[in-house]
Amino acid sequence: MFDADLERVWAGGWLFAGHTCELAGPGDYLTRDVGRDRVIVVRGDDGALHAHHDVCAHRGSRLTTADRGRVRAFVCPYHQWVFRTDGSLRSARLMGDGFGVAGYRLAPVAVAEIEGLVFVCPADEPPDISGFAAALGPQLAPHRLADARIETRLRYRVAANWKTLVENNRECYHCAGSHPEFTLSNFDLGVNGDLRTNPRYDATRARAHARWARRGLPSAEVSFPDGAWYRVARLPLRDGFVTESLDGRPVAPFLGRLGEADAGSLRVVGLPDMWAHANSDYAVTTRLTPVDAGTTDVELCFLVRADAGAVDVDALTAVWRATSEQDWALCEQAYAGIASRGYRPGPLSPVVESSVEAFLAWYECAFR
């Protein structure tokens with residue numbers, strides 16, 4: 001089943017690869033590993049992004065073992081074939097007279113860059129990404145993540161199947177009882193498919209959207225339209241909080257052209273592997289990588305303005321370090337029970353877990 005997931009779900013759609021700011025200059029590259037596939041994303045000499053399967057066109061060797069770096073060209077360590085950043089073969093030693101380098105190149109992979117976030121699709125015929133770009137682009141643009149820097153990364157290995165982590169992310173049924181740091185700044189309402197509401201949240205949300213409209217800050221919610229794989233929604237923070245920090249105060253200078261603190265928290269979900277929150281002062285992206293049926297690697301990246309100067313990393317990461325680690329413990333406990341012979345699936349709440357049901361419906365579509 002895990003192999004089928006990799007083939008039908010992961011290889012067939014758009015995956016979050018990384019950030020534009022990691023690929024600022026020619027030759028800057030990063031890699032994305034999923035199952036048996038490794039993709040290289042590199043900024044070409046032409047300034048464009050190129051993505052290639054990390055497979056030498058000679059006898060299949062991997063070209064690099066690094067997660068990221070900078071090159072002038074990719075040199076195969078096996079027989080020293082040399083590939084330009086655009087994937088074309090520049091030279092191949094000892095191949096005899098008349099060997100045509102123009103007939104060989106690295107196998108291409110579809111790549112898309114959307115306001116500082118980079119996505120790849122290993123499929124031979126990638127699905128249309130224009131709907132996601134149209135939903136995400138205008139709302140993420142004011143944060144200007146392409147001009148940010150990655151201040152720090154947190155990496156985790158979680159003893160749970162990747163679907164357990166996605167299901168956990170798709171509901172806030174557990175938030176009040178499990179996430180004291182998160183609920184300081186966030187309401188546990190507003191998750192797609194959560195029907196709960198209360199007068200305080202409704203009033204806060206209405207005031208926030210009115211202020212954002214006056215400032216020209218886009219805030220339309222686009223949640224998995226027609227069963228699609230993405231969500232974009234700007235949600236208000238609690239009164240007195242201008243960002244997702246423990247005390248509500250900014251932990252870094254305002255991002256991009258957000259000259260005021262009142263930007264709420266822009267939430268982005270891309271199934272099957274990413275979610276992100278972009279605040280007025282920092283953004284955090286979460287990326288999943290399935291390792292095996294019972295193991296998932298997770299990477300969190302925290303982004304601030306490139307010219308932010310010194311940043312208190314403990315303050316920057318406090319909310320999402322605590323919330324993530326709480327979630328990983330919950331997921332490990334859930335998966336341990338799911339894997340036992342005593343597991344019988346319980347009912348999903350129509351009040352707070354409709355987004356979990358929607359995720360499962362989306363997942364099932366990959367097998368039809």
Does the side chain of [X] pick up a donor-acceptor pair with the side chain of [Y] at under 3.5 Å?
X	Y	answer
S355	R170	yes
H179	D188	no
N161	T164	no
E181	Q326	yes
Y29	T64	yes

Open item on the list: Distance to the ring centre below 6.0 angstrom and angle to the axis at most 45 degrees; does that hold for R238 and F187?
Closed with: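 Because its charged atom sits under 6.0 Å from the ring centre and within 45° of the axis, R238 does stack over F187.
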
Any chain of hydrophobic side-chain contacts (each under 4.5 Å) joining [X] to [Y]?
X	Y	value
V42	V111	no
L106	V82	no
V55	V75	no

TODO: Check the pair V158 / L288 against side-chain contact (heavy atoms from CB on, under 4.5 Å), numbers first and verdict last.
DONE: CA-CA 10 Å; V158 184; L288 310 183; over 6 Å; no

What heavy-atom pair brings [X] and [Y] nearest, and what distance separates the two atoms?
X	Y	result
D45	P26	OD1-CB, 3.7 Å
V311	V251	CG1-O, 3.8 Å
L246	F241	O-CE2, 3.9 Å
G13	P122	O-CD, 3.8 Å
W362	G227	CD1-O, 3.3 Å

Using atom types as modelled and distance alone, determine if a side-chain donor or acceptor of [X] lies under 3.5 Å from a backbone N or O of [Y].
X	Y	value
R32	F16	yes
R234	Q139	yes
E171	H174	yes
D194	V191	no

- [ ] Just say parallel, tilted or perpendicular for the rings of H50 and H52, cut-offs at 30° and 60°.
- [x]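 Ring orientation of H50 relative to H52: parallel.
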
Task: Mutual orientation of the aromatic rings belonging to W320 and H277 [parallel < 30°, tilted 30-60°, perpendicular > 60°] - done: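 The arrangement is perpendicular - the two ring planes meet at more than 60°.
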
Open item on the list: Holding to disulfide (SG to SG under 2.5 Å), I want the full list of residues that pass it with C331, two or more places apart in sequence or in another chain.
Closed with: none

Task: Check: F74 ring centre within less than 6.0 Å of W81 ring centre - done: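 Distance test on ring centres: not under 6.0 Å, no.
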
Open item on the list: Using ring centroids (six-membered ring only for Trp), state whether F359 and F224 fall under 6.0 Å.
Closed with: no

So how far is it from [X] [atom1] to [Y] [atom2], rounded to the nearest 0.5 Å?
X	Y	atom1	atom2	value
D54	L63	CG	CG	4.5 Å
F83	S88	CZ	OG	9.5 Å
N279	Y282	CG	OH	5.0 Å
T296	E332	OG1	CD	9.5 Å

Task: Charged N-O contact under 4.0 Å between R105 and D86 - done: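 So R105 does not pair with D86 through a salt bridge.
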
Task: K163 and D5 ion-paired at < 4.0 Å - done: yes

Task: Any side-chain heavy-atom pair of W275 and R267 under 4.5 Å - done: no

Open item on the list: Listing request: all side chain to side chain donor-acceptor pair (under 3.5 Å) pairs with a residue in residues 8-19, at least two apart in sequence or in separate chains.
Closed with: H19-E22, H19-T285

Task: Residues that R155 engages under salt bridge (Lys or Arg N to Asp or Glu O under 4.0 Å), provided they are two or more places apart - done: E299

